[in-house]
Amino acid sequence: SNEQIALFTIFGGTGDLAQRKLYPSLFRLYRKGYLKEHFAVIGTARREWTDEYYRNIVSQSIASFNPTEDELVQFTSHFYYQSHNVTDTEHYTNLKKLADELDTRYDLKQNRIFYLAMAPNFFGTITSHLKSENIVTENGFNHLIIEKPFGTDFESANQLNNEIREAFEEEQIFRIDHYLGKEMIQNISAIRFGNNIFESLWNNKYIDNIQITLAESLGVEERGGYYDTSGALKDMIQNHTMQVVSLLAMEPPAVFTEKNIREEKVKALNSIRIYSKDEVKENFVRGQYGAGTLDGQSFIPYRDEINVNPESETETFVAGKLMVDNFRWRGVPFYVRSGKQLTEKGTRINVVFKPTPINVFRSENETACEAETMPPNVLTIYIQPTEGFSLTMNGKEIGDGFNIDPIKLDYRHSAEALDNSPEAYEKLILDCLKGDGTNFSHWDEVAQSWRIVDVIRQTWDNETPDFPNYASGTMGPQSAFDLLEKDGFNWVWTP
Ligand code: NAD
């Protein structure tokens, strides 16, 4: 049987993440039979809720799945609520009592998952109490899931990690980067290591540059308060983007297992050049959106958003060039960019191959040096909102004469396949139940990503940016285009 056995304790059980992502994911796992009889959920937060009220909230959060009455009653009967201030030691006694009770009632084998869906400043307090109050069990597994952000720089991340490690071993810690739960991110490895035509060209002899774009078409919406203290560099580059770079850049693992993949990812991250402050100025640019219009809709400037400082110097856009200093990648820029309020929503990877050495289709009176090179082959991996890949190639245009015409081999997963595919959180929770940490961020990865990003942040914090510098509805400031142009490249961005 596929059934997994565990008690979930969700800290922040009344919160947005719990309601929008966690309860729906648990329900999907329940429908698929991964969760059946032997599971229970304790929701805990400060509010005084009854079990009945909590079960109503859980019911509402899964309403879109159209559960039958029977399913609803069965599923939600596994949910229990305990009001609890995480800073109050006494409350952990109640929590332990309930946990042990449920363990017996549902025969949970002392398997426990602690999900910290709360602000990170509470993580250390919670984990130390889990240990000191013996809520961590002796005989089952004890897995800790924590949400981003993991620190605000290397120092704070390291401190946070040390606190958590007082109570949990690295193998017990599952740091969520929900990008790693996405189908097409996991597909990067399938494309690379399952296709000799790509893996044999996956190096600086054949690849000109790699481009990673994480574009959002929305502004900060109601997250202004949080976002204004973070910015795009910490919110998108340090975590998601660096993870994608490591998957693209890593060496093939001996076997596709957690330990081997981890080792290769860490090696790749360790090869990324840590810039000096001068190099940061050369290689990274930032932006903040001003007013703008798109498709007849007008947008307000970032500085006018709710809970944003009207003189905010927070970046809503980052573009940069990363260099991976190893045999495989020497000289190949990895261009990354991420921003809000851009022209369209889309996360994509473009692998731009080198053009043919000579354009033999040039006219007879042009020399090989004068002639334009052929358009490059580009492998595009579409991560969201559409999912799939495409490859541009040069073919002959149909008809008389001999004209070259770029064509595109294009594959996208169908809407139906996507509807049935598991959501990122669902996959990650299942991985955690099974004890598979492959698609989570290891401390070594987090640490190195911060080292790379810290110097960028420090350089920028010493200078006053000229914000706003891009109009809403565009693909960012001019400097992001200049960044590639000075290397003789362009952002590849086609529908
Ligand atoms: P939220 O503000 O909606 O929920 C916070 C929860 O913590 C609430 O249940 C609240 O009651 C509880 N809480 C706060 N102080 C407490 C205390 N002293 N004792 C006990 N409970 C307390 O936040 P959220 O959006 O659900 O986010 C939770 C975490 O997940 C944050 O770290 C956030 O950065 C991260 N995250 C959220 C999302 C998302 O989509 N919401 C996405 C990625 C990461």
Side-chain angles (χ1 to χ4, degrees), residues 8-26 41-50 53-54 57-58 60-61 79-95 98 113-130 133 135 144-152 156-157 160-161 163-164 173-182 214 216 218 220-232 234-241 243 307 338 340 347 384 423-429 432 439-441 446:
F8 293 84
T9 305
I10 300 180
F11 292 88
T14 61
D16 171 69
L17 183 77
Q19 295 186 45
R20 251 177 353 95
K21 298 287 183 189
L22 307 188
Y23 303 142
S25 296
L26 291 174
V41 180
I42 301 175
T44 154
R46 267 175 315 188
R47 282 181 220 174
E48 305 273 346
W49 283 3
T50 60
Y53 188 82
Y54 181 48
I57 295 285
V58 174
Q60 282 165 28
S61 75
F79 285 71
Y80 298 81
Y81 186 79
Q82 176 126 76
S83 156
H84 173 103
N85 186 333
V86 296
T87 55
D88 184 345
T89 304
E90 270 174 44
H91 280 282
Y92 288 89
T93 319
N94 297 335
L95 196 59
L98 179 58
I113 293 185
F114 305 101
Y115 201 122
L116 308 193
M118 285 186 50
N121 52 314
F122 293 117
F123 292 174
T125 308
I126 298 172
T127 54
S128 68
H129 280 99
L130 289 176
E133 305 310 303
I135 298 174
L144 179 75
I145 306 186
I146 43 189
E147 277 293 338
K148 77 166 190 183
F150 199 86
T152 57
S156 59
L160 176 59
N161 197 53
E163 281 179 48
I164 295 171
I173 304 172
F174 294 74
R175 295 178 198 80
I176 291 255
D177 183 325
H178 71 277
Y179 268 67
L180 296 177
K182 289 183 189 289
L214 292 77
E216 296 172 67
L218 297 171
V220 285
E221 303 186 278
E222 70 288 341
R223 283 178 74 223
Y226 163 72
Y227 194 85
D228 208 37
T229 64
S230 168
K234 294 182 181 181
D235 196 46
M236 299 298 283
I237 303 293
Q238 184 272 335
N239 37 39
H240 312 313
T241 308
Q243 283 289 335
N307 294 332
S338 180
K340 288 191 178 292
T347 301
Q384 61 179 19
E423 216 262 331
Y425 273 93
E426 176 191 346
K427 286 209 287 195
L428 295 174
I429 291 173
C432 177
N439 296 312
F440 294 82
S441 310
V446 175

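Every number for a ligand or one of its atoms is a count from 1 in the order of the listing. Excluded from the calculations below are hydrogen atoms, water molecules and symmetry mates; all remaining heavy atoms, backbone and side chain alike, are included.
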Aromatic ring pairing Y81/Y54, orientation class (parallel under 30°, perpendicular over 60°, tilted between): tilted

Side-chain H-bond candidate by donor/acceptor type, Q82 with T44, under 3.5 Å: no

Residue pair K21 / H178, side-chain donor-acceptor N/O under 3.5 Å: no

Under the salt bridge (Lys or Arg N to Asp or Glu O under 4.0 Å) test, residues paired with D16 that sit two or more places apart: R20

Sub-3.5 Å pairs, protein N or O with ligand 1 N or O:
{"residue": "ligand 1", "atom": "3 (O)", "partner": "D16", "partner atom": "N", "Å": "2.8"}
{"residue": "ligand 1", "atom": "9 (O)", "partner": "G12", "partner atom": "O", "Å": "3.4"}
{"residue": "ligand 1", "atom": "9 (O)", "partner": "T14", "partner atom": "N", "Å": "3.3"}
{"residue": "ligand 1", "atom": "9 (O)", "partner": "T14", "partner atom": "OG1", "Å": "2.5"}
{"residue": "ligand 1", "atom": "9 (O)", "partner": "G15", "partner atom": "N", "Å": "3.1"}
{"residue": "ligand 1", "atom": "11 (O)", "partner": "T14", "partner atom": "OG1", "Å": "3.3"}
{"residue": "ligand 1", "atom": "15 (N)", "partner": "R46", "partner atom": "NH2", "Å": "3.4"}
{"residue": "ligand 1", "atom": "18 (N)", "partner": "N85", "partner atom": "OD1", "Å": "3.1"}
{"residue": "ligand 1", "atom": "19 (N)", "partner": "V86", "partner atom": "N", "Å": "3.1"}
{"residue": "ligand 1", "atom": "26 (O)", "partner": "D16", "partner atom": "N", "Å": "3.2"}
{"residue": "ligand 1", "atom": "26 (O)", "partner": "L17", "partner atom": "N", "Å": "2.8"}
{"residue": "ligand 1", "atom": "32 (O)", "partner": "M118", "partner atom": "O", "Å": "2.8"}
{"residue": "ligand 1", "atom": "34 (O)", "partner": "K148", "partner atom": "O", "Å": "3.1"}
{"residue": "ligand 1", "atom": "40 (O)", "partner": "R20", "partner atom": "NH2", "Å": "2.5"}
{"residue": "ligand 1", "atom": "41 (N)", "partner": "D16", "partner atom": "OD2", "Å": "2.6"}

Residue pair K427 / K182: nearest heavy atoms and the distance that separates them: NZ-C, 4.2 Å

Distance-only polar pair, side chains of R175 and N161, donor-acceptor under 3.5 Å: yes

